[in-house]
J.: 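This is the structure, below, for whatever I ask next.
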Amino acid sequence: MQEYPVIVVGAGPSGLATAACLNHHSIPYILLEREDRFASLWTKYSYDRLHLHLPKQFCTLPHMPFPASFPTYVSKFRFIEYLDSYVSHFKISPLYQRCVEEASFDEGSKKWVVKARNLSSGEEEKYSGRFLVVATGETSNPYTPEIEGLHTFTGNVLHSTLYKNGKGYSDKNVLVVGAGNSGMEIALDLANHGAKTSIVVRSPGHVLSRAMIYMGLIMLKYFPVSMVDSLMVLLSKFGYGDLTKYGIGRPKEGPFFEKVAYGKYPIIDVGTISKVKSGEIQVLPAISSLRGNDVTFVNGKIHPFDTIVFCTGFKRSTNKWLKGDDYLLNDDGIPKHSFPDHWKGKNGLYCVGFSRRGIYGATGDALNIADDIKSLL
């Protein structure tokens, strides 16, 4: 069994941030990652036109700002470039292709014991550490909902993690399922490439521009959420009008309240809404069932499609391998305690990147965790 003071699980931005903060305090650690490279969601499983949704000052990792030459809204490829520099600068060396199968606290040794499968050799490896940091984040395993008749669909079905760009979809009937930011932007990308694009919008969502979001984030430093939300809703009404006639309702609660309370992001519009209004993107209600290429919706209408892209998010896997924790995370892998008390558990257990505050939140978590571990050593 290999022993380290700190075991970090997950080498996405959250895990890298934690590693850098531990390095900053000269605290030894081991970083386990199930994929074959760090930040795999960005490097392997994201679409080409993806940009950070927030201005770059809200998306830096600890102890290293973005280069001044980077644009305000950083593209996927520039962000990967930044992460490459980050890993090199802090000399972060994850152990790749280590799939954690179990982590439990040993009362005898007062240490965490982690069992990981080496996906290259197939062998089980054991690691022991006084502290365990769960950095697998909010986007662990792609989720595709069960829909009646989906197995009969004769076209192409893929999750958003496998979508790259709209090339090859020109004149195809494509259905995007899920109206979060990924779904909205993938629908825009498909329409820009000449696809006959439809998107399923099941529930109401706030639509805000990048400028509105930026204004809101600045205002939140000085004003209560309720006041900022009221202004955001007003600006959205002026900017986009009544979207209910296009099939997009507005929630009763405000955009920033929903983000904090439920982890639901507002839709940050980068051009999709204008194509919805022009009819280039058709908004459809929830799916009832499928039969062959025909998709039946809850309003009774039937439309044929060549491809379905599921932008239906992720399920967290923490509950499958983290044993004996009844304090920090619930069965869905979400912290039981609200921000800012969400990151620290018992017996040296921590979580980073679970605050529903994106990269900005993960940065704060990593700084807090490294400082706390330093104080206990």
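All values below come from the heavy atoms of this structure, side chains included, with hydrogens, waters and symmetry mates left out.
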J.: Run the side chain to side chain contact (heavy atoms under 4.5 Å, CB included) check on L290 and T296 step by step: do they pass?
T.: CA-CA 6 Å; L290 293 89; T296 302; over 6 Å; no
J.: Would you indicate whether the side-chain heavy atoms of V9 and V133 approach each other to under 4.5 Å?
T.: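 V133 does not reach V9 side chain to side chain.
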J.: What's the spacing between L158 CG and Y163 OH if we round to 0.5 Å?
T.: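 If I round to the nearest 0.5 Å, the distance is 9.0 Å.
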J.: How about CZ on R37, more than 12 heavy atoms from neighbouring residues, nucleotides or ligands closer than 6.0 Å, or not?
T.: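 Atom CZ in R37 is packed in, count exceeds 12.
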J.: So, H159 versus F314, ring centres under 6.0 angstrom or not?
T.: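 Yes, they do, as the ring centres are separated by less than 6.0 Å.
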J.: Under 3.5 Å, is there a donor-acceptor pair between the side chain of T152 and the main chain of G292?
T.: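 Looks like yes, one N/O pair under 3.5 Å.
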J.: Within a radius of less than 6.0 Å around CD of E124, do more than 12 heavy atoms belonging to other residues, nucleotides or ligands occur?
T.: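 Count over threshold, so yes.
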J.: Group every Ile, Leu, Val, Met, Phe, Trp and Tyr by side-chain heavy-atom contacts under 4.5 Å, then state whether V6 and V87 land in the same group.
T.: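 V6 and V87: one cluster.
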J.: Got a sec, which residues hit salt bridge (Lys or Arg N to Asp or Glu O under 4.0 Å) with K44, two or more places apart in sequence or on another chain?
T.: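 Only E35, D36 meet the salt bridge (Lys or Arg N to Asp or Glu O under 4.0 Å) criterion with K44.
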J.: Once you round to the nearest 0.5 Å, how far does OG of S46 lie from CG of L41?
T.: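 Output value for this atom pair is 6.5 Å.
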J.: Could you give all pairs that pass the salt bridge (charged side-chain N to carboxylate O under 4.0 Å, His left out) test and reach residues 275-284, with sequence neighbours left out?
T.: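 Residue pairs passing salt bridge (charged side-chain N to carboxylate O under 4.0 Å, His left out), neighbours aside: K275-E280.
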J.: Can you hop from I267 to I213 via hydrophobic side chains spaced under 4.5 Å?
T.: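 In one cluster with I267: I213, yes.
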J.: What is the distance from atom CG of D371 to atom SG of C21, rounded to the nearest 0.5 Å?
T.: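 SG of C21 is found 7.5 Å from CG of D371.
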J.: Do Y240 and D269 have side-chain heavy atoms sitting under 4.5 Å apart?
T.: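 Yes. Closest side-chain heavy atoms under 4.5 Å.
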J.: Do S109 and D106 have side-chain N/O donor and acceptor atoms under 3.5 Å apart?
T.: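 D106 and S109 do have a side-chain donor-acceptor pair below 3.5 Å.
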J.: Just by distance, do the side chain of N156 and the backbone of T307 share a donor-acceptor pair under 3.5 Å?
T.: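 Not a single qualifying donor-acceptor pair exists.
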J.: Measure across K264 and G205 and return the closest heavy-atom pair with its distance rounded to 0.1 Å.
T.: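 Smallest interatomic distance, heavy atoms only, reads NZ-CA, 4.4 Å.
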J.: Quick check for you: to the nearest 0.5 Å, what is the distance between F305 atom CZ and F153 atom CZ?
T.: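 It comes to 8.5 Å.
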J.: Find out whether E185 and R49 are in side-chain contact, i.e. whether some heavy atom of one side chain is under 4.5 Å from a heavy atom of the other.
T.: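 Yes, at least one pair of side-chain atoms sits under 4.5 Å.
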J.: So, does N141 use its side chain to make a donor-acceptor pair with the main chain of R316 at under 3.5 Å?
T.: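 No; judged by distance alone, with no hydrogens or angles, the pair does not exist.
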J.: Using a 3.5 Å distance criterion without hydrogens, assess whether the side chain of H193 forms a donor-acceptor pair with backbone atoms of D189.
T.: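 Such a contact is found between H193 side chain and D189 backbone.
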J.: Assess, by modelled atom type and distance only, whether the side chains of D365 and H342 contain a donor and an acceptor separated by less than 3.5 Å.
T.: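 Note: D365 and H342 side chains meet the donor-acceptor criterion.
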J.: Check whether NZ of the Lys or CZ of the Arg R210 lies under 6.0 Å from the centre of the six-membered ring of Y73 and within 45 degrees of that ring's axis.
T.: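 R210 over Y73 ring: yes.
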J.: Between K323 and E102, is any pair of side-chain heavy atoms under 4.5 Å apart?
T.: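 Yes. Closest side-chain heavy atoms under 4.5 Å.
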J.: Given E3, which of K126, K111, R130 fulfils the salt bridge (Lys or Arg N to Asp or Glu O under 4.0 Å) condition?
T.: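 The residue from K126, K111, R130 that satisfies salt bridge (Lys or Arg N to Asp or Glu O under 4.0 Å) with E3 turns out to be K111.
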J.: S236 side chain to M232 main-chain N or O, any donor-acceptor pair under 3.5 Å?
T.: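 No.
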J.: Do the ring planes of F79 and Y82 sit parallel (below 30°), tilted (30 to 60°) or perpendicular (above 60°)?
T.: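 Rings of F79 and Y82: parallel, under 30°.
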J.: Transitively linked via ILVMFWY side-chain contacts under 4.5 Å: M219 with Y360?
T.: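 Shared cluster, yes.
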J.: Taking the side chain as everything from C-beta on, heavy atoms only, tell me whether L377 gets closer than 4.5 Å to F131.
T.: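 L377 reaches F131 side chain to side chain.
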J.: Is a donor on one side and an acceptor on the other found under 3.5 Å between the side chain of S182 and the backbone of C311?
T.: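 No, S182 side chain to C311 backbone: no donor-acceptor pair under 3.5 Å.
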J.: Of the non-hydrogen atoms in D294 and P304, which two are nearest, and what is the gap between them?
T.: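 Nearest heavy atoms, D294 then P304: OD1-CB, 3.6 Å.
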J.: Under 3.5 Å, side chain of Y265 to main-chain N/O of P255, donor-acceptor pair present?
T.: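 No.
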J.: Determine, using the 4.5 Å side-chain heavy-atom cutoff (strictly less than), whether M184 and I186 are members of one ILVMFWY cluster.
T.: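 Same cluster.
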J.: S85 side chain to L83 main-chain N or O, any donor-acceptor pair under 3.5 Å?
T.: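 No, the answer is negative, given that no donor and acceptor are paired below the 3.5 Å cut-off.
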J.: Short question: side chain of N23, backbone of S26 - any donor-acceptor pair under 3.5 Å?
T.: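 Not confirmed, N23 side chain does not pair with S26 backbone.
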J.: Look at the aromatic rings of W343 and Y350 and report parallel, tilted or perpendicular, splitting at 30° and 60°.
T.: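 Rings of W343 and Y350: parallel, under 30°.
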J.: Using a 6.0 Å distance limit plus a 45 degree cone around the ring axis, check whether K56 lies over the aromatic ring of F70.
T.: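 No cation-pi geometry.
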J.: Would you indicate whether the side-chain heavy atoms of V225 and V260 approach each other to under 4.5 Å?
T.: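 Heavy-atom side-chain distance check fails, nothing below 4.5 Å.
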J.: Pick one: which of K115, R117, K320, R34 meets salt bridge (Lys or Arg N to Asp or Glu O under 4.0 Å) with E101?
T.: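 Of all the options given, the one that passes is R117.
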J.: Start with the C-alpha distance between F58 and I359, add both sets of side-chain angles, then the distance that settles side chain to side chain contact (heavy atoms under 4.5 Å, CB included), and finish with yes or no.
T.: CA-CA 8 Å; F58 295 102; I359 296 171; over 6 Å; no
J.: Identify every side-chain donor-acceptor pair in residues 166-175 under 3.5 Å, counting partners at least two apart or on other chains, and give the distances.
T.:
none

J.: So which heavy atom on A20 is nearest to which on Y86, and how close?
T.: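 Answer, listing the atom of A20 first, then Y86: CB-OH, 3.1 Å.
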J.: Testing the 3.5 Å rule here: is there a donor-acceptor pair between the side chains of S198 and Q282?
T.: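 Q282 and S198 do have a side-chain donor-acceptor pair below 3.5 Å.
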J.: Considering only heavy atoms from C-beta outward, does the side chain of L322 approach that of D325 to under 4.5 Å?
T.: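 L322 reaches D325 side chain to side chain.
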J.: Can you name the one residue among V114, L32, L119 that meets side-chain contact (heavy atoms from CB on, under 4.5 Å) with R98?
T.: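 It is L32, the one option of V114, L32, L119 that forms the side-chain contact (heavy atoms from CB on, under 4.5 Å) with R98.
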J.: Say you draw a straight line from CG of L349 to CD1 of I7; how long is it, rounded to the nearest 0.5 Å?
T.: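 The distance works out to 11.0 Å.
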J.: Given D229 and H206, is the side-chain hydrogen bond (donor to acceptor under 3.5 Å, both in side chains) satisfied, shown in steps?
T.: CA-CA 10 Å; D229 273 347; H206 289 285; over 6 Å; no
J.: With a 4.5 Å heavy-atom cut-off, do L22 and I373 have their side chains touching?
T.: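 Counting from C-beta outward, L22 and I373 do come under 4.5 Å.
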J.: Rounded at 0.5 Å granularity, tell me how far OG in S355 sits from CG in D341.
T.: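 Separation between the atoms: 12.0 Å.
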J.: Answer with yes or no whether the hydrophobic clustering places Y246 together with V177; edges join I, L, V, M, F, W, Y residues whose side-chain heavy atoms lie under 4.5 Å apart.
T.: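 No.
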J.: Do H63 and H24 have their ring centres less than 6.0 Å from each other?
T.: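 Here the rings of H24 and H63 have centres that are less than 6.0 Å from each other.
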J.: Checking S88 side chain against D84 main chain: does a donor-acceptor pair fall under 3.5 Å?
T.: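 Not at all, since once roles are kept as given, no pair shorter than 3.5 Å links the two residues.
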J.: Describe, in one word, how the ring planes of F257 and Y262 are oriented to each other, choosing from parallel (under 30°), tilted (30 to 60°) and perpendicular (over 60°).
T.: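 Rings of F257 and Y262: perpendicular, over 60°.
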J.: Report yes if the distance between the aromatic ring centroids of F297 and H303 is under 6.0 Å, otherwise no.
T.: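 Between F297 and H303, the centre distance is under 6.0 Å.
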